[in-house]
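Here the structure is laid out as structure tokens; the discussion comes afterwards.
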There are 4 protein chains.
Amino acid sequence: MSVSLDSLASGRRAVNRKNNRDAILDAARDVFAEIGYGGTTVRDIIRRTNLASGTFYNYFDSKEAVFNALSEEIGTELRQLLRDVRQRATSFDGFIEAMFLTYFSYYANNRENYMLTRSNRGRDGMNEVMQGPQVHAGFAELSDDIRQAIAEGVIPQLDVEFLTASLGGVAFSILDEMMEREPLDPEAAEQFATLLSMTGVRGNGG
Amino acid sequence: MSVSLDSLASGRRAVNRKNNRDAILDAARDVFAEIGYGGTTVRDIIRRTNLASGTFYNYFDSKEAVFNALSEEIGTELRQLLRDVRQRATSFDGFIEAMFLTYFSYYANNRENYMLTRSNRGRDGMNEVMQGPQVHAGFAELSDDIRQAIAEGVIPQLDVEFLTASLGGVAFSILDEMMEREPLDPEAAEQFATLLSMTGVRGNGG
Amino acid sequence: MSVSLDSLASGRRAVNRKNNRDAILDAARDVFAEIGYGGTTVRDIIRRTNLASGTFYNYFDSKEAVFNALSEEIGTELRQLLRDVRQRATSFDGFIEAMFLTYFSYYANNRENYMLTRSNRGRDGMNEVMQGPQVHAGFAELSDDIRQAIAEGVIPQLDVEFLTASLGGVAFSILDEMMEREPLDPEAAEQFATLLSMTGVRGNGG
Amino acid sequence: MSVSLDSLASGRRAVNRKNNRDAILDAARDVFAEIGYGGTTVRDIIRRTNLASGTFYNYFDSKEAVFNALSEEIGTELRQLLRDVRQRATSFDGFIEAMFLTYFSYYANNRENYMLTRSNRGRDGMNEVMQGPQVHAGFAELSDDIRQAIAEGVIPQLDVEFLTASLGGVAFSILDEMMEREPLDPEAAEQFATLLSMTGVRGNGG
DNA sequence: CATGAATGAGTATTCATTCAT
DNA sequence: CATGAATGAATACTCATTCAT
């Protein structure tokens, strides 16, 4: 008897713990997206929750900590998708194309994460254009891909860091433009990004 | 004693008014650059000044107002430079090239304004990738230029908004990369940006 | 599994109850000594224990309650020692001497209790120079002894309360001084305390 | 005109500043005395004042800072009195006697400072029986006096630190006892303290 | 117009205590 | 009886802004 009770208890507790953590994360995601990281207060977050103020601190140490958890979540998700792309890629062109499409599609399908990412940009000491640690890691992987493509003679010997930054810049800026349009069209965004990146303004696009 | 001072006032006041305003702007520029917009308090700003806290409000309504004034200053300066470029341009290629060089050189020569611009990115409600009202205006002009180039058949019929955003994105991201290098090399940055923008990765660069 | 444990419970529980209570008391003694009564939190105490926070309240009602239990423990121990002294005493001089020696030796041998006593002094509403209820009780007994000594003509007719307080004050202040010296020398402390108390500065000491 | 206005202004300001500071100190003195240092909150202090909460921090950095200011005030006052005593003293006996009388009288006439001193005892890290920095300094001076008296052969070669501590202990403990009596009788307290200190229990008192 | 003290709403965080399991 | 998550009251301190001088 007491065995089953105990195991029930611990099970329920674990579930509840998970639920509460998720509730906080969900609330935080919304608030950050709505009023930005800087403007968000811990009170704003818990207010959107059934929890008491103190409960927040059972799960996260600070506002920054929740934010990092969210960033990590998105970054990990996105980076995994991009790794899958990398593995399936058979050509550099196809790789870049798939990367852009994956990237734009991800945010098209997760608008709240897009909003969060934008609010990210405002964190103090986080003013690298929009680079949390996750983005940084993603860029490092991209740099490696570029280096390899250069080594294999697939693309010319360009400045790797400049190119990495540029591709990121193109992705970010087109993402912002795409998110303002209705309906969302990740394919169109991808096509433009690919075209510009691969052949430039002079390319046979249009 | 203060009576004689008073009698000098009318002339001196105008000067002083300008001086005080400038003192606040200078202090603000430094503080924003150092500790970011979010972290900066009005007290931080006036502390770097000989003025009293209340005096701040004789010149600006709020922290945001000083920031906007600074942004406007930079934006106006930069936009004027870019207009000069536009007027002197004889070809689209030359125009883009000169735009990039002017842009990179400006920040290379005004590091504190670069820092300020970065801190800008973090403002709440200012999370458009990097768009203060000035940047917005600058982008509008660039869009016009692009539209005209398309109309004249100088470049293919690309999506104007996407292209404008992309050029901005490339500029911003390469700027960040450039500012981390020593020595600062605006020419190298310009060459890369131009090459990528005009001919893409596939271009005969390297 | 837990069923068989349950059947052992009735015997084991009593043991465990004692163990847990002692574990809490031990932890509390250390923490109070280290960071003082005011700074100590209930969490600090249970953290040094294998127990859960809620368990604390199965044994004590509050931080104050543990503290009182510890005080009582020390007070009871010390008072018992002093009662033994009283019983063995054959003269007032010998009584005082033995009292001091017992007192100083006790704390020399139980430094953590000394630390605890010091932290005691800081309790709110416990600001009588150094008087927990135990000390109060001890003082009452000492007052009786003094009264009796006066009645028996062994010592002059001094103000009993003043004298009791003074002997306590001398004891406390010399204890503090003694505890700062290395090595601890309760005999020296006792000799000084006795000399001063019995014959004053003018005594033939030195 | 503007001169007189200006000087009036700065004068009034200074007065007001002084008044506010004093108001805070007075309120703090009362609260500390009533509910002890540990239990006192900054809010408790400003609540007894007409000032706003933020105003507190225009004058003091923290609760500790006000307390230190008060302690210093009392300590300085008392030490000055004791220095006067020292200068007027013509014999060691007379010196000790006058010291005790001054000490007891001071607190008899400043009950709120007595209460404050008692609350002092409870500060964390301030658990030396009741020694703020002021008391410490006072003790150092007393030690010097004792050393000199020994050097001059006026009193036997006693352990100076023990004796200093003991005189302090006697003073403190008798003070506590005295303050509980009605009416306050500093002379009686002084006589007892002097008698005990100089001739001990065996003295010809009573 | 300059001053700088006063204001008081606002925020992060802690902690003793409760209570469902 | 043990557990430890949830609670929410409480506190210190900051800061933009006002306003009397």
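Below, each value reflects all heavy atoms present in this structure, side chains not excepted, and no hydrogens, waters or symmetry copies. In the text below, chain A, chain B and the rest are named by the order of the sequence lines, each starting its count at 1.
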Atom pair distance, as rounded to whole Å: NZ in A/Lys63 and P in E/dG10: 16 Å
Does B/Ser53 reach a base, just sugar-phosphate, or nothing at all? Heavy atoms under 4.0 Å. base
Between F/dA20 atom P and D/Asn19 atom CG, what is the distance in whole Å? 19 Å
May I have all residue pairs that pass salt bridge (charged side-chain N to carboxylate O under 4.0 Å, His left out) and include part of residues 51-63 of chain D, sequence neighbours excluded? none
Rounded to the nearest 0.5 Å, how far apart are CG of B/Asp30 and CG of B/Leu116? 10.0 Å
Please list, one pair per line, the donor and acceptor atoms closer than 3.5 Å that link side chains of residues 51-59 of chain B to other protein atoms, with sequence neighbours excluded.
residue	atom	partner	partner atom	Å
B/Thr55	OG1	B/Ala52	O	3.4
B/Tyr59	OH	B/Asn20	ND2	3.2

Going from CD1 on B/Ile74 to CD on B/Glu112, what distance comes out if it is rounded to the nearest 0.5 angstrom? 8.0 Å
With a 3.5 Å distance limit and no angle check, can you tell me whether A/Asp44 reaches the backbone of A/Thr41 through a side-chain donor-acceptor pair? yes
Separation of E/dC1 C1' from B/Asn50 CG (nearest whole Å): 16 Å
CD1 (B/Ile45) and CZ (B/Arg43) are apart, to the nearest 0.5 Å, by 12.5 Å
D/Thr49: which residues meet the side chain to side chain donor-acceptor pair (under 3.5 Å) condition with it, sequence neighbours left out? none
Atom CZ of C/Arg21 and atom P of F/dA2: how far apart are they, to the nearest Å? 13 Å
Here's a test of your reading of the structure: between B/Leu51 and C/Asp44, which maps to the more 5' nucleotide of DNA chain E? B/Leu51
Here the distance between atom C1' of F/dA5 and atom CG of A/Asp22, to the nearest Å, is 16 Å
Starting at CD1 of C/Ile46 and ending at C1' of F/dG4, how long is that distance when rounded to a whole Å? 9 Å
Mind checking side chain to side chain donor-acceptor pair (under 3.5 Å) for B/Glu34 and listing every partner two or more places apart, or none if nothing turns up? B/Arg48
Grab the CD1-C1' distance between B/Ile24 and E/dT3 for me, whole Å please. 13 Å
Test side chain to side chain contact (heavy atoms under 4.5 Å, CB included) on C/Asn68 and C/Phe60 and set out the steps. CA-CA 10 Å; C/Asn68 287 341; C/Phe60 298 98; over 6 Å; no
Please tell me which of the listed nucleotides, E/dT7, F/dT7, E/dA12, lies nearest to the side chain of A/Ala52? F/dT7
Without decimals, in angstroms, what is the distance between D/Arg43 CZ and E/dG8 P? 13 Å
Run through DNA chain E and report every stem of 3 or more consecutive Watson-Crick or G-U pairs, distances under 3.5 Å, ordered by first number. E:2-21 with F:2-21
List in numerical order all residues of residues 54-62 of chain C for which some heavy atom is under 4.0 Å away from an atom belonging to DNA chain F. C/Gly54, C/Thr55, C/Asn58, C/Tyr59
